[in-house]
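See structure below.
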Amino acid sequence: MLDLKMIRNHVEDVKAKLATRGVEPEAIDDLLAKDNERRELIVKSENLKKLRNEVSDQISQLKRNKEDANDKIQEMRKVSQDIKGLDEQLENIAEEVESKAAHLPNLPHEDVPVSLTEEGSVEQRRNGTPRTFDFTPKAHWEIGEELGILDFERAAKVAGSRFVYYVGDGARLERAVYNFFLDQNNAAGFTEEITPYMVNDASMFGTGQFPKFKETHAGYEVKDEGLTLIPTAEVPLVNYYRDEIIDEEKLPISVTALSPAFRSEAGSAGRDTRGLIRMHQFNKVEMVKIAKPEQSWNELEKLTTHAETLLQKLGLPYRVITLTTGDMSFTAAKTYDLEVWIPAQDKYREISSCSNCTDFQARRAHIRFRDENGKLQYVHTLNGSGLAVGRTVAAILENYQNEDGTVNVPEALVPYMQGTTVIGKK
RNA sequence: GGAGAGUUGGCAGAGUGGUAAUGCAUCGGACUCGAAAUCCGACGACCCGGCUAAUACCGGCGCGCAGGUUCAAAUCCUGUACUCUCCUCCA
């Protein structure tokens, strides 16, 4: 959520910046017009409330002195009705203002490449050289199905499309990958958490999923319970601090969690219909940082380079790109995507997204700290995948495949696989 | 799922219709070489609005939350969330 006062004071700047994210300037004018109406009503209502307080005091005095207060009581009866009417109007308008404001995305950082589409993203760096195969590399789903470690067909029978069973060494590999990530994150100073996988509406609003998430049916809500299956552990990790004032000395805070992520993938019909790339349920190890404003940009760099070390240690080639204004998620001010090499597709695919959400989520979720002057300030929140587990497994299967259909286990994972170095047919 | 109790400022804790006691803490002052203790005084969350150079000032709001009754609600009524205890159920 953007600060309304800030918008009021920097109208043209906000319009220009949000235009790069596809927001019509009229949306801002609209919001401010409603906000003016709102503030006018506040003044009217508060003036009447002041009057009521004063006269009530007089009534109270009169009653104490056993004097007649009927005139004043009659007068206040009318005033109270007026207040009620004004407050009802006010409530409606305030809701409109809130709703309009809640639909505006975060302001992009000035470094972010300006583009309404994903075209124009800037490659920051590459690491590792994609392997040259002396045979035609297979897609990971082919490898997985032939080895009997991924079963999409039965998952479709039991749940539907975009679900999978990991079986045997497949399940062990998935578990090895996320345990490796969690251990690495722990070693890098992240505190591990196991969070709720269903959250309430306030939490979904706090991290910026609601209201749009709801409107576009991007996820799964549990009928009649007011709960939503988390689309990412970012939601419970950040909302842990919702409505709290954090001790300044504790910042920056770094937390990490493995969780399944549930996404309806509405609007993705026809994209990545096979394999592990786009699922309704997938495991992800998420990292979240809560930082002071002056720390957050440096923390974003640290978060990103830490995620990169995970890919480096697994020996997977990747590149880092800066997303464009139009391609970033709603809450982000700046996002780096890590893209891992997927041989069968002959391209890099997103495996991590690291964002600084500045005070955008903190304002929605009311997460603050008291600075050295004793003043309350909103924290900055950052999140990054470290990493998407299913996509990592896909990348391992493809990058480490052998001509005979077996797959080597990356060295870093061998201890996590109880010494298994090659996954073969059982 | 059932029954009961509780939820008041940073903390503790009064207050059953007239508009939030008091204590601790905090801030200022006195005393002191200085500090502690003591004494005097002030402030009362967060938020919103007005006026602003302003974190100054004025006002609103504010007793878990949301409604209702009333000229007036922490106090009465309804609903609801959470916490604790007991029962039930369960991993």
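None of the values given here were measured: they were computed from a predicted structure. A, B, ... follow the sequence lines: proteins, then strands. Residue 1 opens every chain. Just so it is clear, the values below take in all heavy atoms, side chains as well, and ignore hydrogens, waters and symmetry mates.
Atom P of B/A42 sits at a distance of 32 Å from the matching atom of B/A53, rounded to the whole Å. The P atoms of B/A37 and B/G44 are separated by 24 Å, rounded to the nearest whole Å. Nucleotides B/U80 and B/U26 are separated by 43 Å at their P atoms, to the nearest Å. Using atom P as the reference point in both B/C46 and B/C63, the two lie 16 Å apart (nearest Å). Spacing of C1' atoms, B/G28 relative to B/A20, comes out at 25 Å, to the nearest Å. Rounded to whole Å, the separation between the C1' atoms of B/C77 and B/U16 comes to 14 Å. With C1' as the reference atom, B/A45 and B/G10 are 8 Å apart, rounded to whole Å. To the nearest whole angstrom, the two P atoms, one in B/A91 and one in B/A3, are 25 Å apart.
At a threshold of 4.0 angstrom between heavy atoms, the contacts of A/Lys63 include nucleobase atoms, whether or not backbone atoms are also involved. No contact: A/Lys72 has no heavy atom under 4.0 Å from any strand. Residue contacts for A/Ile59: at a heavy-atom cut-off of 4.0 Å it reaches a base atom on one of the strands shown. Heavy atoms of A/Lys44 sit nowhere under 4.0 angstrom from any nucleic acid atom. Among the atoms of the strands shown, none is found under 4.0 Å from any heavy atom of A/Asp57. Backbone-only engagement by A/Ser80 is indicated by non-hydrogen atom pairs under 4.0 Å involving sugar-phosphate atoms exclusively.
Rounding to whole angstrom units, CZ of residue A/Arg363 and P of B/C47 are separated by 12 Å. Rounded to an integer number of Å, the gap from A/Asp243 CG to B/C47 P is 12 Å. To the nearest angstrom, C1' of B/C82 lies 13 Å from CZ of A/Arg242. Between the CG atom of A/Leu41 and the C1' atom of B/G50 there is a distance of 15 Å, rounded to whole Å. When the P atom of B/A72 is taken as reference, atom CD of A/Glu54 falls 16 Å away, rounded to whole Å. Taking atom CD1 on A/Ile367 and atom C1' on B/C46, their separation rounds to 16 Å, with Å as the unit. Straight-line distance from the CD1 atom of A/Ile42 to the P atom of B/G50: 8 Å, rounded to whole Å. Taking atom CG on A/Leu48 and atom P on B/G50, their separation rounds to 17 Å, with Å as the unit.
For an aromatic pair to be called close, the ring centres must be under 6.0 Å apart, and A/His109 with A/Trp297 satisfies this. For an aromatic pair to be called close, the ring centres must be under 6.0 Å apart, and A/Phe360 with A/His380 fails this.
Within 6.0 Å of the CD atom in A/Glu411, the count of heavy atoms belonging to other residues, nucleotides or ligands does not exceed 12.
OP1 or OP2 of B/C61 has at least one side-chain nitrogen or oxygen of A/Asn53 nearer than 4.0 Å. OP1 or OP2 of B/G49 lies within a sub-4.0 Å distance of a side-chain N or O belonging to A/Arg38. At B/G49, one or more side-chain N or O atoms of A/Arg8 fall inside 4.0 Å of OP1 or OP2 (strictly under the cut-off). Side-chain N/O atoms of A/Lys50 include none lying less than 4.0 angstrom from OP1 or OP2 on B/G49. Checking the phosphate oxygens (OP1, OP2) of B/C71, no side-chain nitrogen or oxygen of A/Arg52 falls inside 4.0 Å.
Checking A/Gln74 against A/Ile245, the closest nucleotide of RNA chain B that is more toward the 5' end is the one next to A/Ile245.
When Watson-Crick and G-U wobble pairs are counted only if both distances are under 3.5 Å, B/U70 pairs with no nucleotide at all. When both pairing distances are held under 3.5 Å, B/U52 makes no Watson-Crick or G-U pair with any nucleotide shown. The nucleotide B/G41 finds its pairing partner in B/C27, both defining distances of the Watson-Crick or G-U wobble pair being shorter than 3.5 Å. Nucleotide B/A21: unpaired (no Watson-Crick or G-U wobble partner with both distances less than 3.5 Å). With a 3.5 Å ceiling on both atom-pair distances, the Watson-Crick or G-U wobble partner of B/G6 is B/C82. Pairing for B/U16 is absent, judged as Watson-Crick or G-U wobble with the two contacts each under 3.5 Å. Across the strands present, B/C47 finds its partner in B/G60; the criterion is a Watson-Crick or G-U wobble pair with both atom distances under 3.5 angstrom.
Taking every side-chain heavy atom of A/Arg368 into account, B/C46 is the closest of B/G49, B/C71, B/C46. In this structure, the nucleotide among B/U19, B/G60, B/G67 sitting nearest to the side chain of A/Ser60 is B/U19. The nucleotide whose nearest atom lies closest to any side-chain atom of A/Lys84 is, among B/U69, B/C48, B/C71, B/U69.
Residues A/Glu12 and A/Lys15 are paired through a salt bridge, judged by an N-O separation under 4.0 Å between the basic side chain and the carboxylate.
Here the side chain of A/Gln361 pairs a donor or acceptor atom with the backbone of A/Thr207 at under 3.5 angstrom. Between the side chain of A/Arg368 and the backbone N or O of A/Tyr378, no donor-acceptor pair lies under 3.5 Å. With hydrogens and angles disregarded, no donor-acceptor distance shorter than 3.5 Å links the side chain of A/Asp57 to the backbone of A/Asn53.
A/Ser56 contributes a side-chain N or O that forms a donor-acceptor pair with the base of B/U19 under 3.5 Å.
In terms of heavy atoms, A/Thr216 sits closest to A/Ala266 at O-CB, 3.9 Å.
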